[in-house]
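Values below: every heavy atom of this structure, side chains too, minus hydrogens, waters and symmetry copies. In what follows, every chain begins at residue 1, and chains take the letters A, B, ... in the order their sequences are listed.
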Amino acid sequence: MATGTSPPCYHTLQHYSSIAPVQTRALQQLSNRNPSKRIETLPMTLANHDIARIFREIADSMEILGEDRFRILAYRRAGDAIANLPRPLAEYRAQQNLEEVPGIGKTIAEKIGVLLDTGSLPLHERLKGQVPTGVLDLLRVPDIGPRSAKRLHDELGIASLDELRAAVEAGALRGLKGFGAKTEQRIRQGLDALAQHEQRTLMSTALVAAEGLIAALRAALPDMERVSYAGSLRRARPTIGDLDLLAAAADTGPVVRAFTRLSEVARVISAGEAKASVVLHSGVQADLLVVPPAQWGSALQHFTGSQAHNIRFRELALERGLSFSERGFRQADGNLLTCADEAAVYATLDLAWIPPELREDRGEFVAARAGTLPHLIDLADMRGDLHMHSTWSDGRATIAQMAEAARARGLDYIAITDHSAYLGVTGGVDAERLREQAAEIAQINAAYADQGEVFRVLHGVEVDILPDGELALPDAALAVLDIVVASLHVSLRQPQEQITARLLRAIANPHVDIIAHPTGRILERRAGADLDMEAILQAAVAHNTLLEINSGPDRLDLDALHVRRALELGAGIVINSDAHNPDDLDWLRYGVLTARRGWATADQVANTWPPARLRSHVAQ
DNA sequence: GCCGTTTTCGGCCCGACTGTTTTCAGTCG
């Protein structure tokens with residue numbers, strides 16, 4: 001980072017021309033003497049994501065109708081802001097601080113109130129009459145924006161993706177002014193891509209693909225100066241839409257051309273002198289931006305996003321009379337300040353460098369200016385892993401093999417937490433088998449002690465929370481264990497009040513130390529349980545129960561927003577692999593990235609602690 | 001519609017690439 005007398009940037013003389021009922025909070029119900037009557041009298045309330053979706057639909061509809069672009073921007077920003085909120089909108093309203101949320105002003109706060117009270121909004125209903133839902137769907141097709149969607153609807157009567165497909169097949173688009181053969185071909189390809197690749201790519205898969213592309217690009221161009229992935233992958237989002245790659249080279253054109261010729265590339269969408277978009281054989285889209293080395297910092301900042309972060313950043317630059325782009329800071333006199341690294345980009349606006357995982361316009365600018373950004377946890381801070389399986393249940397390796405793999409990765413302790421016998425498919429352990437397992441673990445620990453190793457294996461279990469909230473093992477069996485991990489595996493579709501109460505009962509059990517993968521979501525396949533998370537997080541604080549970030553690439557559960565809210569409330573977090581074989585221990589990397597997105601420091605994560613501190617916490 | 005080191009008006013992020021054009025609108029990230 002540039003400090004002291006050296007300017008952060010260099011002056012150059014370059015010139016460049018569903019409606020989900022939330023009902024009542026489960027905690028309130030538990031304390032209510034007559035809960036069933038209470039529920040019936042409460043109005044249905046929209047969840048934050050429902051209201052965010054409504055505002056985004058309003059923005060899309062108004063854009064198709066060609067209304068004022070800044071009003072559209074305001075609705076879209078409000079939708080984004082709401083989607084990012086850590087607590088239910090109703091709480092903000094109750095505390096009368098809705099308008100303190102950036103992007104929510106007087107008008108939108110009133111509309112939120114109407115939505116919370118009545119479940120619908122006159123403006124939204126009116127727009128639905130003018131722009132059918134199927135026309136909004138057209139915007140999901142690559143290369144179809146609001147103008148094209150409006151013309152397809154107005155001039156050809158197309159009001160759904162199916163009708164668009166039929167029109168393309170019938171050659172009807174060619175009759176439209178401005179729609180040539182290439183446009184028709186692109187729309188056909190866009191529809192195909194939408195149909196077969198609607199799913200996003202898991203972070204773990206994207207990381208492997210990105211690292212492969214980077215290696216291939218380096219091999220093809222040995223003299224390329226720098227190359228990195230950027231975008232949502234660098235921000236560690238749990239799933240990734242497109243891969244974004246950035247390269248630095250004095251001569252940009254040859255890098256773009258080499259990229260489009262890589263064997264991984266199935267189809268080139270576009271390619272110019274500075275950037276290209278391709279579709280890989282895996283179906284994933286990859287975008288490459290190539291910049292001169294002097295612009296690496298500004299380009300990396302630009303290409304990492306998020307869009308919301310970038311917009312906010314550029315607004316802050318404008319306040320100082322600087323126009324920021326991937327090329328650098330344009331001054332009023334037209335001169336460009338370039339930045340060769342990201343720290344210089346942020347330093348130019350008197351901001352500390354913001355870690356990519358925090359770049360979502362969720363308060364990181366205020367913290368960067370105040371010098372209060374958290375010192376985020378790193379993988380190297382991890383000392384233990386408190387959730388994994390062995391051949392005693394559905395794991396593929398013995399306890400000794402798991403222990404050795406963990407020790408080889410630099411951990412000081414693990415907990416073996418095989419499934420309780422309740423899950424028929426996994427075999428599992430009952431009270432008797434737990435006693436046998438304890439003897440095996442004692443032997444392994446004795447061997448490590450004899451060798452002078454600090455490494456230790458803790459004895460635990462992953463006990464099922466039964467549909468009624470009982471645990472699948474008796475308290476007496478749990479009491480003798482070092483660590484008890486409790487989790488939901490069945491009946492995940494119970495109504496909110498029921499499944500929340502079920503989890504609250506497990507949290508309150510004094511033997512339970514950790515709640516594993518709290519929501520049970522499987523990314524791109526299954527939404528999590530409909531939990532009242534605020535009640536869950538508060539109960540975890542009250543009972544000193546640790547909440548897990550499960551590092552499984554298709555779980556990453558808790559997610560980052562809940563991690564951040566949990567930490568705000570003072571809950572303890574653990575990051576566990578849930579490994580079923582030794583290689584899965586490497587998944588901790590993804591859990592740590594998720595913790596970083598949740599603003600977690602090492603000290604807030606209990607398995608960065610030395611064993612003694614962890615033991616005393618668990619004993620409380 | 002939001003917002004304020006340009007605070008109740010007048011701004012609102014910025015540039016690359018494409019297609020169908022002859023100078024730019026639309027889309028994307």
Side-chain angles (χ1 to χ4, degrees), chain A residues 16-17 55 58-59 62-64 66-81 98-112 123 138-152 173-174 176-187 190 230-232 235 240-246 252-253 256 268-278 285-291 295 298-299 301-330 336 349-350 361 369:
Chain A
Y16 293 96
S17 38
F55 284 124
I58 288 172
M62 293 199 312
E63 195 162 23
I64 287 172
E67 298 195 16
D68 177 69
R69 53 189 277 252
F70 297 112
R71 201 167 153 235
I72 293 164
L73 184 68
Y75 279 107
R76 187 157 288 139
R77 279 190 173 183
D80 293 346
L98 258 184
E99 289 182 47
E100 288 167 28
V101 176
I104 296 179
K106 189 163 178 292
T107 306
I108 286 181
E110 280 172 13
K111 287 179 161 52
I112 290 170
L123 170 65
L138 301 181
L139 298 177
R140 291 161 53 207
V141 181
D143 296 318
I144 293 187
R147 316 295 293 206
S148 304
K150 179 168 170 53
R151 290 194 54 208
L152 290 168
L173 265 52
R174 273 177 242 170
L176 251 52
K177 187 169 157 52
F179 281 71
K182 284 195 174 179
T183 301
E184 184 189 77
Q185 177 66 8
R186 277 177 165 249
I187 290 177
S232 54
R235 302 200 311 278
I240 274 77
D242 302 336
L243 286 179
D244 295 313
L245 301 180
L246 177 69
T252 62
V256 173
V268 178
I269 298 171
S270 70
E273 279 302 296
K275 59 167 75 170
S277 289
V278 303
Q285 182 176 328
D287 300 331
L288 174 74
L289 175 66
V290 191
V291 299
Q295 296 177 7
S298 52
Q301 196 280 342
H302 160 77
F303 217 29
T304 297
S306 63
Q307 190 179 28
H309 177 90
N310 284 357
I311 289 173
R312 188 82 198 96
F313 182 84
R314 290 168 186 206
E315 286 172 353
L316 291 173
L318 280 178
E319 287 176 8
R320 300 187 174 207
L322 295 169
S323 170
F324 183 75
S325 75
E326 56 264 50
R327 295 177 172 280
F329 293 92
R330 174 90 46 203
L336 189 72
L349 299 187
D350 292 325
D361 194 21
R369 181 145 293 167

Presence of A:Thr183 side-chain N/O under 4.0 Å of B:dT20 phosphate oxygens OP1/OP2: yes
Any side-chain heavy-atom pair of A:Arg314 and A:His302 under 4.5 Å: yes
Between B:dG11 and B:dT22 - C1' atom distance, rounded Å: 34 Å
Euclidean distance for C1', B:dT20 against B:dT27 (whole angstrom): 15 Å
Among B:dG1, B:dG15, B:dG19, the one nearest A:Lys182 by side-chain distance: B:dG19
Residues, nucleotides or ligands: over 12 heavy atoms within 6.0 Å of A:Arg147 CZ: no
C1' atoms of B:dC17 and B:dG10, separation to the nearest Å: 32 Å
Length of the line joining A:Asn310:CG and B:dG29:P, which is rounded to integer Å: 14 Å
N/O-N/O pairs, protein side and nucleotides 22-25 of chain B side, under 3.5 Å:
none

A:Arg314 vs B:dG15: side-chain N/O to OP1/OP2 distance below 4.0 Å: no
Options B:dT27, B:dA16, B:dG19, nucleotide nearest the side-chain atoms of A:Glu326: B:dA16
Between B:dT8 and B:dG15 - C1' atom distance, rounded Å: 33 Å
Donor-acceptor contact present, side-chain A:Ser232 to main-chain A:Arg235, <3.5 Å: no
Integer-rounded Å distance: B:dT8 C1' and A:Lys106 NZ: 14 Å
Whole-angstrom distance between B:dC13 and B:dC3, as gauged at atom P: 13 Å
Sugar-phosphate, base or nothing in reach of A:Val141, heavy atoms under 4.0 Å: sugar-phosphate
Basic-acidic side-chain contact under 4.0 Å: A:Asp244, A:Lys275: no
Options B:dT5, B:dG1, B:dG29, nucleotide nearest the side-chain atoms of A:Glu319: B:dT5
Closest to the A:Pro146 side chain, choosing from B:dG29, B:dA16, B:dT27: B:dT27
Sugar-phosphate only, base, or nothing, as touched by A:Leu289 at under 4.0 Å among non-hydrogen atoms: nothing
Stepwise side chain to side chain contact (heavy atoms under 4.5 Å, CB included) test for A:Gln301 and A:Phe313: CA-CA 10 Å; A:Gln301 196 280 342; A:Phe313 182 84; 3.9 Å; yes
Gap in Å between the two P atoms, one belonging to B:dA16 and one to B:dT21, rounded: 25 Å
Selection from B:dT27, B:dC17, B:dC12 that lies nearest to any side-chain heavy atom of A:Ser270: B:dC17
Heavy-atom donor-acceptor pair, A:Thr252 side chain to A:Glu273 backbone, under 3.5 Å: yes
Side-chain (A:Arg186) to main-chain (A:Ala181) donor-acceptor, under 3.5 angstrom: no
A:Gly178 vs A:Ser323, nearer the 5' end of DNA chain B by closest nucleotide: A:Ser323
Selected nucleotide, minimal atom distance to A:Asp287 side chain, candidates B:dG19, B:dA16, B:dG29: B:dG29
Separation of atom CG in A:Leu318 from atom P in B:dT6, rounded to whole Å: 11 Å
Pairwise C1' distance, B:dT18 and B:dT23 [rounded to whole Å]: 14 Å
Touch class at under 4.0 angstrom, heavy-atom based, for A:Phe313 against every strand present: nothing
Counterpart base for B:dT8, defined by Watson-Crick or G-U wobble contacts under 3.5 Å: none
Under-4.0 Å salt bridge between A:Lys106 and A:Glu99: no
Distance, rounded to the nearest Å, where A:Arg151 contributes CZ and B:dG26 contributes P: 9 Å
Sugar-phosphate only, base, or nothing, as touched by A:Ile144 at under 4.0 Å among non-hydrogen atoms: sugar-phosphate
SB check A:Arg76 A:Glu63 (cutoff 4.0 Å): yes
Atom-to-atom span, CD of A:Glu315 to P of B:dC12 - whole angstrom: 10 Å
Sugar-phosphate, base or nothing in reach of A:Ala181, heavy atoms under 4.0 Å: sugar-phosphate
Whole-Å P distance, B:dT6 and B:dC14: 16 Å
Sugar-phosphate, base or nothing in reach of A:Asp242, heavy atoms under 4.0 Å: sugar-phosphate
d(CZ, A:Arg312; P, B:dG11) in whole Å: 19 Å
Any A:Val291 side-chain heavy atom under 4.5 Å of A:Arg327 side chain: no
Residue met sooner reading DNA chain B from 5', once A:Gly180 and A:Pro102 are mapped to nucleotides: A:Pro102
Between B:dC12 (P) and A:Arg69 (CZ): distance, integer Å: 9 Å
Minimum-distance nucleotide (side-chain atoms of A:Thr107 versus B:dC14, B:dC13, B:dG1): B:dG1
Sugar-phosphate only, base, or nothing, as touched by A:Ala78 at under 4.0 Å among non-hydrogen atoms: nothing
Per A:Ser148 side chain, nearest of listed nucleotides B:dG1, B:dG26, B:dC13: B:dG26
Touch class at under 4.0 angstrom, heavy-atom based, for A:Arg320 against every strand present: nothing
Between B:dC3 (P) and A:Ile311 (CD1): distance, integer Å: 14 Å
